[in-house]
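Being a predicted model, the structure only gives us computed values, none of them experimental. Remember, it's 1-based here, ligands and their atoms both numbered in the order they're listed. Positions are given from 1 along the sequence.
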Amino acid sequence: MKKLKALSACLPFLFLFSCAQQQHDNKDKGLETRIDNLLSQMTLEEKIGQMNQISSFGNIEDMSGLIKKGEIGSILNETDPQKINALQRVAMEESRLGIPMIFARDVIHGFKTIFPIPLGQAASFNPEIAEVGARVAAIECSSVGIRWTFAPMIDVARDPRWGRMAEGCGEDTYLTSVMGAAMIKGFQGDSLNNPTSVAACPKHFVGYGAAEGGRDYNSTFIPERLLRNVYLPPFEAAARAGAATYMTSFNDNDGVPSTGNKFILEDVLRKEWGFDGFVVTDWASASEMIPHGFVVDEKDAALKSVNAGVDMEMVSYTFVKYLPELIKEGKVKESTIDNAVRNILRIKFRMGLFENPFVDEEQPSVLYDTPHLEAAKRAAIESAILLKNDKGILPLNGNVKTVAIVGPLADAPHDQMGTWVFDGEKSHTQTPLHAIREMYGDKVQIIYEPGLAYSRDKNTANISKAAAAAAKADVVLAFVGEEAILSGEAHCLADLNLVGAQSELIAALAKTGKPVVTVVMAGRPLTIGKEAELSSAVLYNFHPGTMGGPAIADLLFGKEVPSGKTPVTFPKMVGQVPMYYAHNNSGRPAQKNETLINDIPLEAGQTSLGNTSFYLDAGFDPLYPFGYGLSYTTFEYSDVKIASSQLKKQDVLSISFSLENTGKYKGTEVAQLYVRDKVGSVTRPVKELKRFTRIMLQPGEKKTVTFELPVAELAFWNIDMVKTVEAGDFGLWVAGDSQSGNELVFKVTD
Ligand code: NOJ
């Protein structure tokens, strides 16, 4: 009874605050005493030094000088274990108080063994893939002394023009929350204290993915309710998963740059979620508040970021330069500095850096370990999305004697690794060309003729050679897409068509009359409608990493069966973006069979009657909806049942359904549960993903599957800016993508 009471006292809005309060109360008292003891011995300069992160400038002597004076708390971008140990030795043995440094790096989807880009991992709809990928990355990077990574990137992104969509988990709040939390678990392991654990840093806090026009660093205009319903939940899930640090984002939201945003850093992160780790700025994002027009100068930048709740500054040095005088002037309280340093020391203690500051240089290398490569291959297999497969052209069967391998991505070891790969080496990457030759060269004859040298190549001179190769083959495998450098930070595009002459290449191949299997490797969804139409099959891989080649080879030849689903909506044309399945309805929702541009009679009189919300030239539908992906086999959903369609707010919704493998291959389906809150105090999305699961079935096998969904998870931030479940009718779908399934209805009462 007592327990129940305690729980109900934690309900919706209060939940966040009172539970956060509890977390504070539960703090390890011994640890806090240690922190306070150390803090009491520190000079103001040493405290501010802890709040300063520099980027390694390689020269040990210069950096050592700063460390000795206690001017640095962290270094990013040093990866040489000998240098890391040497610098750490200075911190431990030559600085006055022997406070260890924490070494950081962007280890985003692998250190040496590169996994698919996070957008690809999200396509697996398998949190285990994300967790294992992060664990492998942690084991590899911690082996050289890196104990802090700037990942996961959990910015919900709904505009594929934005190059950084590649780094995140796509457009969906729930999918991003689940995958992000799994990555944190993988990076941080069972305990931060473990020498193979790496502190995670969910980023970019917050709203960065909504950059206007999909142009990087651009302003966002996200109202508080949307922020809370869509952009904040993955970060809240990250706090619950125990993320040790957070990074502020570059964007200003509604005029306030995140690095100076007290509301998100103090009110939400600390007070509502009870976060007790530390917050770092993004690269120079403190001083970048000057061009934003939010602060006058560097001194003002230091003032506004520290007072907003930033604990550590990345590279811009304004803290070290100006905090001493800001404190003297009484503009920053020393207690604010003390709190920031406490947050930093807390993580350094939790990571065991005081007891275990050095990396073992003698340890046998774990880089590119066989289990790591196997895990990367599994991730690439589960991340691949089959978008089209006419007449079962895939998997390639015994009748295929000769394949033509063409296209600029067939043998592009650097590019298939994708963005944010500082440490992966192309010499270790296995390309599709290499893998097909190695693994299937005894089964098929291979003619390799790339046609184009790289994705942006506009020189069409060799396309005819590729077409000639195609003419000699039974099937053409066309590897197209984007070079790694076309996505990622500061690499946005205004056009989402295939770059260079790749479209001409596909057209020339199709003209031969041979079946074309288009294999895409890219950092974002591209507008490939035209090329898909010319192809018999399309296998889409967000840059698949080190083991992309063997993974794709096994998929093409049927040793593996595709199971990935789109983690983002694929638009038909760029003008449709932002385009996402969880949109609100307009008052005039699009209907099927709208009158499109070519159906309008000449000199038609202007009227809005009967017209709805769609584009005359693109209609309303996407090229491929969110959650979509085919298999070599087929699945049938039936008997979708809600255990009880009248529920109270404290109940758990139980939905069961049957899934049958009705095809010829063993395969895995990602079953998805979507819900719609039909009427709210504010309008609600037409569908929201609430659960998903991967189900493996043998041919002919049928299973009953159950989703359990606490009604409390239907809560949203309503008209009063309170997170609550509103009573009323809800729609529900269980299906293999966001556009399929039949609607069931249930009711929630007070
Ligand atoms: C800037 C990027 O925005 C951020 O994601 C990254 O972690 C830092 N640079 C450090 O490299």
request  = Would you check if the side chain of Arg161 reaches a backbone N or O of Arg215 as a donor-acceptor pair within less than 3.5 Å?
outcome  = no

Under 3.5 Å donor-acceptor, Glu140 side chain and Lys112 backbone = yes

request  = Return yes if a side-chain donor-acceptor contact under 3.5 Å exists between Asn77 and Ser56, otherwise no.
outcome  = no

message = Less than 3.5 Å apart, any donor N or O on the side chain of Ser455 or Glu483 sitting next to an acceptor on the other?
response = yes

inquiry  = List ligand 1 atoms under 4.0 Å from Lys203, heavy atoms only on the residue side.
reply    = 4 (C), 5 (O), 6 (C), 7 (O)

request  = Within a distance under 4.0 Å of any heavy atom of Phe150, pick out the atoms of ligand 1 and give their elements.
outcome  = 7 (O)

message = Is the contact between Arg105 and ligand 1 made by the side chain, the backbone, both, or neither, using heavy atoms and a 4.0 Å cut-off?
response = neither

note = Nearest non-hydrogen protein atom to atom 7 (O) of ligand 1, with distance, is Asp106 OD1, 2.6 Å

key: Which residue and heavy atom of the protein sit nearest atom 3 (O) of ligand 1, plus the separation   = Asp282 OD2, 2.5 Å

message = Taking a cutoff of less than 4.0 Å between a non-hydrogen atom of the residue and any ligand atom, is Met153 in contact with ligand 1?
response = no

query = Does Met314 have a heavy atom less than 4.0 Å from any atom of ligand 1?
reply = yes

key: Set of side chain to side chain contact (heavy atoms under 4.5 Å, CB included) partners for Ala244, sequence neighbours left out   = Gln188, Leu192, Ala199, Ile347

ask   = Arg164 to ligand 1: N or O pair under 3.5 Å?
value = yes

Contact (N/O only, under 3.5 Å) between His204 and ligand 1 = yes

ask   = Parallel, tilted or perpendicular for Tyr368 and His428, by the 30°/60° rule?
value = parallel

request  = Please work out which of the three classes, parallel, tilted or perpendicular, describes the rings of Trp148 and Phe278, given edges at 30° and 60°.
outcome  = perpendicular

